[in-house]
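One structure is given below, encoded as structure tokens.
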There are 2 protein chains.
Amino acid sequence: MAKRSITSYDVAKAAGVSQSAVSRAFSPGAPISKKKRQLILNVAKDLGYQPNAIARSMSTARKDTHQRSGMVGVIVTRLQDPFFAQTIADFSRLIQAQGWQMLLFTVDGEGDVNTALNTLMQYKIDGVVILSAILSEQMAKVCRAQGIPVMLYNRSVEGLDVNHVQIHNHDGGRLAADFLVEAGHRRIAFIGGEDGDATSAAREAGFVERLAEAGLSLFSRESGNYTFEGGAEAALRLFSRSERPDAVFCASDVMALGVMHAARTEMGLEIPDDFSLIGFDDIPAAGWPGHGLTTIRQPVGRMISEAVECLVSNMRDTSLAPSKQRFEGQLILRKTVKRAQPG
Amino acid sequence: MAKRSITSYDVAKAAGVSQSAVSRAFSPGAPISKKKRQLILNVAKDLGYQPNAIARSMSTARKDTHQRSGMVGVIVTRLQDPFFAQTIADFSRLIQAQGWQMLLFTVDGEGDVNTALNTLMQYKIDGVVILSAILSEQMAKVCRAQGIPVMLYNRSVEGLDVNHVQIHNHDGGRLAADFLVEAGHRRIAFIGGEDGDATSAAREAGFVERLAEAGLSLFSRESGNYTFEGGAEAALRLFSRSERPDAVFCASDVMALGVMHAARTEMGLEIPDDFSLIGFDDIPAAGWPGHGLTTIRQPVGRMISEAVECLVSNMRDTSLAPSKQRFEGQLILRKTVKRAQPG
DNA sequence: ATGAATATTGCATGCGCATTCACTAATGAT
DNA sequence: ATCATTAGTGAATGCGCATGCAATATTCAT
């Protein structure tokens, strides 16, 4: 059936050299003469030989060395979400450029992270990125014991000494509140992501904190499940009450767009005339001219390149101390917030 | 530094059995007594042992057997595009459910596919999916020689005997044209994706064919590069001429939304009052109430599950003949097309 | 040209596991 | 109870490669 594939021995025989020579020809920096390397590379090309990465990984697993597979595990939820899609796309390009491959694992709830990590570890990944999910203390310990660098992206776990890169959610929430308060709003509502989600909670906490400083408390709150539909439904609930908010802050742009579309088409409300709206993330659709969503931008490009850089240096030198990076969100002014009417 | 990880030998010693027994305990169907398997699994759990997938893959590489890595390669362009993000998300879940891992490779142009495939093959992937990119005849041959099943998704290559799953682009184009013609439109324009892109070309061909049957030819055409901005700019060009189209068909929803936003905010045109608009794909944002984009839906769920099913059976039995599946697009009526004014 | 230093080279080995083979224990039939 | 099965077991082996080591080829200084 499937013929045995071409190995370094085949090349060695064809080139009249030893297998070691073939191996060295494909290992940059290995001791081998230029002439012989070139000869071997030519023969290899003719035969269609490609080194077997699996076998290569096997043989680096010596008592002193660490087994290197050249693969980075990535654990992600909600890949279909534009924000995550962009993140993964960027990450993928950068990590490839550094010579690593990406082993992608999609999880549904946060509970599956352990399973995912276990599976990925069976593949002897050189490192792992966890997007918007939590790492248990126990698994963190396991990773450390195995010498696998971990990068928590968009999350941090209190008291866990692990690399992380994230937006400053609390400050982002404050920023949104500050802007709405300064614009004169007084009946300010919040729509969160999934209940119990730490990211959403942090944004809300910062938001509420700043409101409190202005002598305000949250006018009302709903959960929008981080989806467009969830945001739309939350808006309907928010505005079905007798007293309506004059401003809404959403923990994500996707939900904010849900609110916007529901307002325009189902509730007959104009933004920002009837109420102001702020999102979070700055996904591409937020900037579409018909939306013009005012939002808190996450500097995804910088965050991702920082994450990759940090992970890569940790993979090259496992003894490095974890780095913790927080980026500040930036308020992007567009068209969905205006000064509240004095009335 | 990083301690050597726990191997089957460690477990064997701790459990007082042979290494073979440990291996069999972790191989479903292997000859071992229930009692001993349970004992071994317990000891393994205590020690935190997990079989090494790399080593496992090595040892299945025998002369008669095919080396199985348990990994499927996925080559993708434009991961940040909502349509592809959704596709990858679905694919990821289904292939994981079948027990495979996903090795993801992002390419920029179609030219990088060869490189990507070569890299992935070094990892001895059991199969590969290529999303919206073309496979050279030479690489197809290499894959066949290595016994690696290939699935072309969203593309097919004339005369190449490889699995593929795709939407019937030509028919989809016809469908769009038919609907616009029946609605009485006469000045019908098209906005394509990237120049030279086969998918876009097929949609255009079917579209033009049906127009011709109605005695019409394309009123004008532009390229929108498959992006929102590209679509918006194409629309500006389309409507800057003295004679304006009364209907526009876009080769993707993302571009159609670009057209819509540009029309509303930059050109002061109403859809469908000033012109009708049809997209292709039916991405989530197409259905957002404020958009209500009439479009040709790709049955992504069915297409992906068909693709996974086909690939998996090919990976289980390499001798199977390639399967070629085409799905019909479905016209989704929303709010962006109306009967043309007699005038 | 000669010995010392250096650059190359091949041999042999092991990474962790699955699997074959030869063998022993358990089970069944009579 | 006896023999024929079958189930279960461990020792040994190899998957394809990188690398330590000892041996050889090359270069250099004199």
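Computed over heavy atoms, backbone and side chain alike; hydrogens, waters and symmetry mates excluded. Residue numbers start from 1 in every chain, and the chains themselves are labelled A, B, ... in the order their sequence lines are given, proteins ahead of strands.
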Does the protein touch nucleotides 4-14 of chain D at the base, only the backbone, or not at all? Give it as B, S and - per nucleotide, heavy atoms under 4.0 Å. ----SBBBB-B
Just the rounded figure in Å: distance from [atom2] of [N] to [atom1] of [X].
X: Asp10(B); N: dC15(C); atom1: CG; atom2: C1'; value: 13 Å
X: Arg37(A); N: dA18(D); atom1: CZ; atom2: P; value: 12 Å
X: Arg56(B); N: dT19(C); atom1: CZ; atom2: C1'; value: 13 Å
X: Arg68(B); N: dC17(C); atom1: CZ; atom2: C1'; value: 17 Å
X: Gln67(B); N: dC17(C); atom1: CD; atom2: P; value: 15 Å
X: Lys13(B); N: dG16(C); atom1: NZ; atom2: P; value: 13 Å
X: Gln122(A); N: dC17(C); atom1: CD; atom2: P; value: 10 Å

Classify the side-chain pair Gln86(A)/Asp90(A) by whether it contains a donor and acceptor separated by less than 3.5 Å.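 Yes, because at least one side-chain N or O of Gln86(A) sits under 3.5 Å from a partner of the opposite role on Asp90(A).
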Is a donor from one side chain sitting under 3.5 angstrom from an acceptor on the other, for Ser305(B) and Glu309(B)?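 No, no side-chain donor-acceptor contact under 3.5 Å.
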Would you say Ser8(A) places a side-chain N or O within less than 4.0 Å of OP1 or OP2 belonging to dC17(D)?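 The answer is yes; a side-chain N or O of Ser8(A) sits under 4.0 Å from OP1 or OP2.
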Indicate yes or no for a side-chain donor-acceptor contact from [X] to the backbone of [Y] under 3.5 Å, with no hydrogens or angles considered.
X: Arg78(A); Y: Phe83(A); result: no
X: Asp126(B); Y: Val72(B); result: no
X: Arg144(B); Y: Val150(B); result: no
X: Ser69(B); Y: Lys124(B); result: yes

Residues in residues 47-55 of chain A with a heavy atom under 4.0 Å of DNA chain D, by number, are Tyr49(A), Pro51(A), Asn52(A), Ala55(A)
Pull out every residue in residues 38-46 of chain A that has a heavy atom closer than 4.0 Å to any atom of DNA chain C, ordered by number, or say none.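 None, since no heavy atom is under 4.0 Å.
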Measure the shortest side-chain to side-chain distance between Arg326(A) and Gln166(A) over non-hydrogen atoms and say whether it is less than 4.5 angstrom. yes
Counterpart residues, side-chain hydrogen bond (donor to acceptor under 3.5 Å, both in side chains), relative to [X] (two or more places apart):
X: Arg93(A); result: Asp108(B)
X: Thr87(A); result: none
X: Arg316(A); result: Gln98(A)

Centres of the Phe26(B) and Tyr49(B) rings: under 6.0 Å? yes
Base, sugar-phosphate, or nothing: which does Thr7(B) touch, judged by heavy atoms less than 4.0 Å apart?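 Counting heavy atoms under 4.0 Å across all strands, the contact made by Thr7(B) is with sugar-phosphate only.
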